[in-house]
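Working notes, structure below.
Reminder, nothing fancy here: chain letters follow the sequence lines and each chain counts from 1.
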2 protein chains.
Amino acid sequence: MAAHGSVTLLLARFSDLFARGLRACIDEDPALDVLADDVAPDRLGSRLAALEPDVAILNLAALEAVADVRRFHAAHPGVHLLVIAERPTDAEVDQVLACGAGACLSKEAQARDVRSAIHLASRGLVVLPRAGAETGPRRYPEVLTAREAEVLRHLQRGDANAEIAAALHVGVETVRTHRRNVYRKLGVRSRRELSDLSSG
Amino acid sequence: MAAHGSVTLLLARFSDLFARGLRACIDEDPALDVLADDVAPDRLGSRLAALEPDVAILNLAALEAVADVRRFHAAHPGVHLLVIAERPTDAEVDQVLACGAGACLSKEAQARDVRSAIHLASRGLVVLPRAGAETGPRRYPEVLTAREAEVLRHLQRGDANAEIAAALHVGVETVRTHRRNVYRKLGVRSRRELSDLSSG
DNA sequence: ACAGCGGGTGAGCACTACCTCACCCGCTCA
DNA sequence: TGAGCGGGTGAGGTAGTGCTCACCCGCTGT
């Protein structure tokens with residue numbers, strides 16, 4: 001515990017832009033004191049031992065395994081672990097909490113919720129998203145498959161179906177199927193519209 | 001185009017923490033002028049029309065379909081579109097660029113790369129990750145399945161295998177399989193170690 | 001008229017993930 | 001000693017996705 005009632009923190013490494021947002025969010029709260037920032041996964045153990053923060057904010061995506069959380073909890077029972085996951089399922093939250101973490105938040109969480117969670121976790125309370133809004137699978141725009149992307153490249157070059165079929169070593173009917181899916185996912189209806197995007 | 005040679009920007013809505021990082025990254029560059037921030041997906045069209053920024057930074061995950069990118073490009077050919085995706089595959093990058101975007105970056109991108117990409121995109125150059133490091137599937141810690149999480153909850157309550165099997169309406173052998181996977185993914189070797197995590 | 005392009009439907013196949021269960025083994029403890 | 005717990009292997013079924021191909025239709029342009 002730090003002196004004047006503040007909460008001491010250790011921040012694991014996150015992607016650059018997210019880390020900036022996280023740090024800014026924490027710096028807005030004068031009661032939060034960051035001891036270490038951008039700690040690489042392989043240095044978490046030694047930094048936890050050296051700094052003994054009240055709360056450590058871990059990046060689940062950067063860990064080798066969820067079991068690492070358990071390892072940190074076992075080695076440093078006094079440190080409250082707050083795990084930030086990509087978009088955790090209910091099962092993933094259960095898993096993280098079962099490994100000894102005090103909280104499991106989504107990267108989609110609001111800044112004020114993160115600050116609240118840090119304070120609660122520092123006092124040993126368990127925080128989990130559960131709201132239902134943040135967890136669960138996300139609807140994501142339809143993405144081209146690898147094969148469809150190949151067909152797209154040939155279409156952009158103006159190749160005919162038969163040429164594409166020969167180049168990909170498949171039948172013309174297959175090319176037509178891929179092409180149709182490409183058109184649908186790109187929202188175009190012809191080669192003409194496809195080339196309009198590139199030129200204009 | 002803005003007056004004093006600066007680049008005017010429109011920023012779509014991103015998750016709170018990421019948006020703070022993105023905004024901070026942009027504010028560090030005095031040549032970048034943000035006209036609108038946190039623009040909701042359904043307001044992108046009208047805001048693009050009203051503000052006519054040099055560059056619009058879109059959030060692919062918040063769009064209904066990748067085809068929306070094409071729609072924006074068609075409606076506002078003068079606006080250079082910079083799309084930020086979750087962790088785009090090569091096929092996804094092809095798809096976004098084929099829809100008329102000028103750049104497709106990953107959320108994992110460095111702040112300085114984002115600033116560079118904005119400047120390049122504003123001059124009509126195409127920017128794509130391609131480095132190979134950011135694209136492609138990520139190795140992610142092993143996550144519990146829904147069934148394994150259920151077994152975990154029963155294990156934490158101290159239920160015996162037969163009790164769990166009865167509760168889940170499956171055979172004891174099935175419970176044993178789930179339990180084994182739970183142990184492996186959590187890095188524990190017994191009910192004892194599992195309860196040690198919860199108690200202290 | 002015919003070839004090429006556009007869309008729709010459906011089938012077969014391979015691969016993967018998950019769930020389910022069955023066998024094997026060793027250890028511990030009442 | 002036997003029941004329960006620990007780990008290992010493998011097999012079967014289901015579901016989903018992606019790739020491949022086959023048929024159907026209409027439109028257009030030479």
Side-chain angles (χ1 to χ4, degrees), chain A residues 67 70 89-92 94-95 136-197, chain B residues 66-67 89-92 94-95 136-197:
Chain A
R70 191 191 64 83
T89 61
D90 286 355
E92 199 168 347
D94 286 347
Q95 184 180 7
R138 166 213 336 237
R139 54 150 191 65
Y140 198 79
E142 277 191 316
V143 177
L144 294 184
T145 67
R147 213 56 167 157
E148 287 163 354
E150 286 187 86
V151 172
L152 169 59
R153 280 191 282 272
H154 283 92
L155 288 172
Q156 290 175 318
R157 285 171 40 196
D159 294 355
N161 289 351
E163 292 178 284
I164 302 174
L168 300 186
H169 303 103
V170 298
V172 180
E173 285 301 318
T174 304
V175 174
R176 284 168 39 81
T177 298
H178 288 317
R179 185 198 54 185
R180 192 181 329 122
N181 292 331
V182 168
Y183 285 174
R184 177 175 48 81
K185 292 180 180 178
L186 261 57
V188 300
R189 295 172 58 188
S190 65
R191 279 177 164 82
R192 171 74 188 186
E193 288 190 36
L194 206 55
S195 59
D196 285 352
L197 291 172
Chain B
V66 185
T89 61
D90 286 355
E92 199 168 346
D94 286 347
Q95 184 180 6
R138 169 214 330 242
R139 54 149 193 65
Y140 199 79
E142 276 190 317
V143 177
L144 294 183
T145 66
R147 213 56 168 157
E148 287 163 356
E150 286 188 85
V151 171
L152 168 59
R153 279 191 281 274
H154 283 93
L155 288 172
Q156 289 174 317
R157 286 171 40 195
D159 294 356
N161 289 350
E163 292 178 284
I164 302 175
L168 300 187
H169 304 102
V170 297
V172 180
E173 285 299 320
T174 303
V175 173
R176 284 169 40 80
T177 297
H178 288 318
R179 183 200 55 188
R180 192 180 329 121
N181 293 331
V182 168
Y183 285 174
R184 177 175 47 81
K185 291 180 181 179
L186 262 58
V188 301
R189 295 172 56 187
S190 65
R191 279 177 164 79
R192 171 73 187 185
E193 288 189 36
L194 206 54
S195 59
D196 284 353
L197 291 173

query: Is a side-chain donor or acceptor of A/Gln95 paired with a backbone partner of B/Glu148 at a separation under 3.5 angstrom?
result: no
message: So, OP1 or OP2 of C/dC5: does either fall under 4.0 Å of a side-chain N or O from A/Asn161?
response: yes
task: Can you tell me the distance, in whole Å, between the CD atom of A/Glu142 and the C1' atom of D/dG18?
output: 13 Å
query: In whole angstrom, what separates B/Arg189's CZ from D/dG7's P?
result: 8 Å
message: Using only modelled atom types and a 3.5 angstrom limit, is any donor from either the side chain of B/Thr177 or the base of C/dC21 paired with an acceptor on the other?
response: yes
message: Check this one for me: any side-chain N or O of B/Arg191 less than 4.0 Å away from OP1 or OP2 of D/dG6?
response: yes
query: CG of B/Leu155 versus P of D/dG4: gap in Å, rounded?
result: 16 Å
query: If you find the nucleotide of DNA chain D closest to A/Val143 and the one closest to A/Gly171, which residue's nucleotide is nearer the 5' end?
result: A/Val143
- prompt: Are B/Thr145 and C/dA17 close enough that a side-chain N or O sits under 4.0 Å from OP1 or OP2?
  reply: no
message: OP1 or OP2 of C/dG6 versus the side-chain N and O atoms of A/Ser190: is any pair under 4.0 Å?
response: no
query: Would you say the side-chain atoms of A/Arg147 pair up with the backbone N or O of A/Leu168, donor to acceptor, closer than 3.5 Å?
result: yes
Please tabulate the protein-to-nucleotide N/O contacts below 3.5 Å involving nucleotides 26-28 of chain D, giving atom names and distances.
none

Short side-chain N/O contact from B/Tyr183 to OP1 or OP2 of D/dG7, under 4.0 Å: no
- request: Determine whether A/Arg191 and A/Tyr183 make a side-chain contact, defined as any pair of heavy atoms from C-beta on separated by less than 4.5 Å.
  value: yes
task: Would you mind reading off the distance between B/His178 atom NE2 and C/dA17 atom C1', rounded to a whole angstrom?
output: 13 Å
message: Nearest 0.5 Å, please: how far is CD1 in A/Ile164 from CG in A/Leu155?
response: 4.0 Å
field: Shortest side-chain distance from B/Thr174, nucleotide among C/dC21, D/dC5, C/dG7
entry: C/dC21
task: Would you indicate whether the side-chain heavy atoms of A/Leu144 and B/Val66 approach each other to under 4.5 Å?
output: no
query: From A/His154 NE2 over to A/Arg179 CZ, what is the distance, rounded to the nearest 0.5 angstrom?
result: 14.5 Å
Pairwise distance CG(A/Asp159) to CZ(A/Arg153) - rounded to 0.5 angstrom: 12.0 Å
query: Side-chain contact, heavy-atom cut-off 4.5 Å: A/Asn181 with A/Val151?
result: no
- prompt: Whole-Å distance between D/dT20 C1' and A/Arg179 CZ?
  reply: 15 Å
task: Using a 4.0 Å heavy-atom cut-off across all strands, classify A/Arg180 as base, sugar-phosphate, or nothing.
output: base
- prompt: Is the distance from OP1 or OP2 of D/dC21 to the nearest side-chain N or O of A/Arg176 less than 4.0 Å?
  reply: no
query: What is the nucleic acid contact for B/Ala146, judged by heavy atoms within less than 4.0 Å: base, sugar-phosphate only, or nothing?
result: sugar-phosphate
- request: Could you state the atom-to-atom distance from CG of A/Leu194 to P of C/dG6 in whole Å?
  value: 9 Å
- request: Measure the distance from CG on A/Leu144 to P on D/dT17 and round it to the nearest whole Å.
  value: 16 Å
- prompt: How many angstroms lie between NE2 in B/His178 and CZ in B/Arg176, if you round to the nearest 0.5 Å?
  reply: 13.0 Å
query: Roughly how far, to the nearest 0.5 Å, is the CD atom of B/Glu193 from the CZ atom of A/Arg70?
result: 5.5 Å
message: Quiz question: going by heavy-atom distance under 3.5 Å, is there a donor-acceptor pair between the base of D/dC23 and the side chain of A/Glu173?
response: yes
- prompt: Any stems for DNA chain C, made of 3 or more Watson-Crick or G-U pairs in a row, each with both distances under 3.5 Å?
  reply: C:1-30 with D:1-30
- prompt: Rounding to a whole Å, what distance do you find between B/Glu193:CD and D/dG7:C1'?
  reply: 14 Å
